[in-house]
K.L.:
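Just dropping this structure here.
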Amino acid sequence: MAYSFDEIAKLDPYGTGRGEKAELYARVLSELTSSHYARCAGYRKILDAFGCDPRPTRSAEAQFMLPVGVFKTNELSSVPGSEILKTMTSSGTSGQAVSKIFLDRENVRAQTRALASIISSFIGNKRLPLIMLDTALVSTDRSMFSARGAGIVGFSTFGRDVFFALDENMRPDVDAARAFVEKHRSERILLFGYTYMIWRHVVRELAETGRSLGIRDGVLFHIGGWKKLKDEAVDRGAFNGAVRETIGDVRVHNYYGMAEQLGSVFVECEHGNMHCSVYSDVIIRRHRDFSAAPSGERGIVELLSLLPTSYPGHVLLTEDEGEILGEDDCPCGRLGKYFRLHGRVRGAEVRGCSDTYEYRRAG
Amino acid sequence: MNIGAPDKLDWLVGDGLPEVRPLRPYSDAALEFLGGLSDALLRDRANRAFPDVVTFAFFCRRANASRLKNDFGETANRLGRGLAFHITPSNIPINFAFSLVFGLLSGNSNVVRVPTRDWPQVDVVCRAIRALLERPEYEEVKRRVALVRYGRNDEITAYFSGFCDARIIWGGDEAVTAIRKIPIPPRSVEVTFADRFSCCALLAEAVLGLDNAGLERLAAAFYNDTYLVDQNACSSPNLIMWLGKNIRAAKDIFWPAVERAAAKYDLEPAHATGKYALLCGYLAGDYGIKRVTRHGNLIYRAELDRLDAAESLRGLFGLFFEYDATSLRDAAKYVTSRWQTLTYFGFDPAGLVSFVTDGLFGIDRVVPVGNALDIGVIWDGYDLIRTLSRIVSAG
């Protein structure tokens, strides 16, 4: 590795401003591009066909972007098979296609350290008592072991005395939860869960019975997306309000990350803005020509990450829409770009070809 | 009349199994009805919003049906097979209507499963048919038509398959394979429309010889073959084969003209990301793509240096695969039975047909650029009217 990840990992994840970050990203992303070009045949073929020279140092905006969907159709790895520690798979929402991400030891380590640095900047380095707003089965029962289970196992390293708030039937064990809260009443409590699970199995259940977990000082991190909640017309404000009514006085942080760029996650601050950290950046692309759009213009989200070294996932065009809200000037004080997501790209229901069930093509 | 019919389906036209009594091909009853349908569809100005409905209405008009009847020749010794069961595709909204017309023209009674997708075109056509069939003069046709809608349901498909005399399966390899597992009676015939691959042959000097208006017309015709259906029909060309002299110069004027013609194309963000991902997936694979040229996100051109993997390439939303051929013979050995339509510009069609009939496994249609989607009674290598009718021999 030509750049020193260790040096970056020592930085405040939200302390790098525009000029310095642009310089860092041009250097590191260009190094990653030429490294993947040299080591990943599929990536090399793509760049060659586009006539993209991997050698010069280019700005983040001028980096070649790989569509995230390509990890579903092709196996792209930049390390020999013997060095692959684990293969992450993500079930996309659309049918059977699954992303395959090849991780070696170094890449896994970078992901773990980046996530730790980001989360601890919100909660400090001390491990806090942790409530998982999920069932313990999700991390023990092999048949349920999934991206959801992996997320739970990953997050549990940030807490101690881990308590699972849902029983095996996905019902909240309110008495046990309240006892846990009581036991740790002088401490800040950390909570983690999946957005829709929290809404469906915790918030709604508690609201119906009029009970609360009564937490006096808590921090909740949740992940998983808003699609199902959008269908129920629940937005961030309604979600956070309901969480406070049923769980207690907790700061709520939604965060966003893709299986294709684990570790360099985007966390929502106290002002509701999704923040890039030093490990990641965002560019909004116009769909007519993929030119970069300025702040305030809605477009396709491109995500940059400094972490992917064992697969060419450092510059990815996603299938989500969003807009940049600002850079270095969020009232929360965190530096870097902050943005808002608007869900999947419009027109995802393509005429014909997504007809998975049947009778796809005409003669 | 609806005895034994499953209940999980909507009868959009008719309310039960049609009466099964075959007619001769191109019967007066069928021709009269199609003429009436054509008038009804063309009279409603709102239908102009659907070019495919208008095309269908033009196909049905009396003059066209009579011409087809004349072309067909002797009908006195032929008649429909009985009940035709049509399973139509969800991606091309109007195909169900053409399928019904082929069933009627060949003298059959018809059960047509329409797309489950909510296409406005399906409503428009079904409404017009319903209104028409209320009228006493179309009684003969009324008794022979049922349009049904149901989601994936093998039981219902098996029910109709169990006694149909002909089954027509649109929708590609997967659908054909799945539905073929459901038996039809031993005497029943089957017409299947599998996944096909289509290409376009352009003669460079002919393109270079066009004046501006001619070039714009060619580009507009090419647009209609491709972008109009998101390139998502089997007869939309994926592979563009260039022949002749000065290919490079011809490309340099052809593609910008296509770009101008496609300026009106509604490229949605999901099309842009989907097309880009599709292309990058192909590039990382082994398809012989040596270079990509982009015209914004409207046109992606992938230049091939070999044809051996070409037929597994699929364009969508304006993604084309180009090959510079020294002669048509070049391509001949790669033409499998999967190849369907060859659209052309600058060639003599008779020469192209003899190229195909000189031992090729594929290519069933040779039509000028602009006519790729024009469906007809001869389609996909079948003479549909003859296939769906039987012949009475005497002597």
K.L.:
Glu75(A) versus chain B, heavy atoms under 4.5 Å apart: side chain, backbone, both or neither?
P.N.:
neither

K.L.:
Look at the side chain of Lys290(B) and the backbone N and O of Ala49(A), then say whether any donor-acceptor pair between them is shorter than 3.5 Å.
P.N.:
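No; zero donor-acceptor contacts below 3.5 Å.
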
K.L.:
Could you have a look at Phe50(A), Tyr43(A), Phe71(A) and say which one has the most heavy-atom pairs with chain B under 4.5 angstrom?
P.N.:
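It is Phe50(A).
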
K.L.:
With a 4.5 angstrom heavy-atom cut-off, is it the side chain or the backbone of Leu279(B) that approaches chain A, or both, or neither?
P.N.:
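Just the side chain, heavy atoms under 4.5 Å.
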
K.L.:
Return the CG to CZ distance between Asp289(A) and Arg294(B), rounded to the nearest 0.5 Å.
P.N.:
7.5 Å

K.L.:
Against chain A, label Tyr300(B) side chain, backbone, both or neither, depending on which of its atoms sit under 4.5 Å from a heavy atom there.
P.N.:
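Just the side chain, heavy atoms under 4.5 Å.
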
K.L.:
Asp235(A): which residues meet the side chain to side chain donor-acceptor pair (under 3.5 Å) condition with it, sequence neighbours left out?
P.N.:
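So Asp235(A) forms no side chain to side chain donor-acceptor pair (under 3.5 Å) with any residue.
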
K.L.:
Calculate, to the nearest 0.5 Å, the distance between atoms OG1 and CD belonging to Thr273(B) and Glu321(A) respectively.
P.N.:
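One gets 9.0 Å once the value is rounded to the nearest 0.5 Å.
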
K.L.:
Side chains of Thr73(A) and Tyr282(B), heavy atoms from C-beta outward: is any pair under 4.5 Å?
P.N.:
no

K.L.:
Heavy-atom cut-off 4.5 Å, strictly under: side chain, backbone, both or neither for Leu47(A) against chain B?
P.N.:
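Neither part.
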
K.L.:
How many angstroms lie between CZ in Arg288(A) and CG in Asn297(B), if you round to the nearest 0.5 Å?
P.N.:
8.5 Å

K.L.:
Check the orientation of Tyr276(B) and Phe290(A). Use parallel for under 30°, tilted for 30 to 60°, and perpendicular for over 60°.
P.N.:
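Because their plane-to-plane angle is over 60°, the rings of Tyr276(B) and Phe290(A) count as perpendicular.
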
K.L.:
Would you name the heavy atoms of Arg346(A) and Pro269(B) that are closest together and state the gap between them?
P.N.:
NH2-CG, 3.6 Å

K.L.:
For His287(A) and Leu267(B), indicate whether the former's side chain and the latter's backbone hold a donor-acceptor pair under 3.5 Å.
P.N.:
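Checking the backbone N and O of Leu267(B) against the side chain of His287(A), a donor-acceptor pair under 3.5 Å is found.
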
K.L.:
I'd like to know which of Ala272(B), Cys280(B), Gly296(B) tops the heavy-atom pair count under 4.5 Å against chain A.
P.N.:
Cys280(B)

K.L.:
Measure Ser291(A) against the heavy atoms of chain B and call it side chain, backbone, both or neither at under 4.5 Å.
P.N.:
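Neither; nothing under 4.5 Å.
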
K.L.:
Heavy-atom pairs under 4.5 Å with chain B: which of Met65(A), Arg285(A), Arg44(A) has the most?
P.N.:
Met65(A)

K.L.:
Return the minimal non-hydrogen interatomic distance between Ala277(B) and Pro67(A), and the atom names on each side.
P.N.:
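Closest heavy-atom pair between Ala277(B) and Pro67(A): CA-CG, 3.5 Å.
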
K.L.:
Counting heavy-atom pairs closer than 4.5 Å to chain A, which one of Leu298(B), Ile375(B), Leu283(B) comes out on top?
P.N.:
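Top option by heavy-atom pairs under 4.5 Å: Leu283(B).
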
K.L.:
Report which part of Ile46(A) has an atom under 4.5 Å of a heavy atom belonging to chain B: side chain, backbone, both, or neither.
P.N.:
both

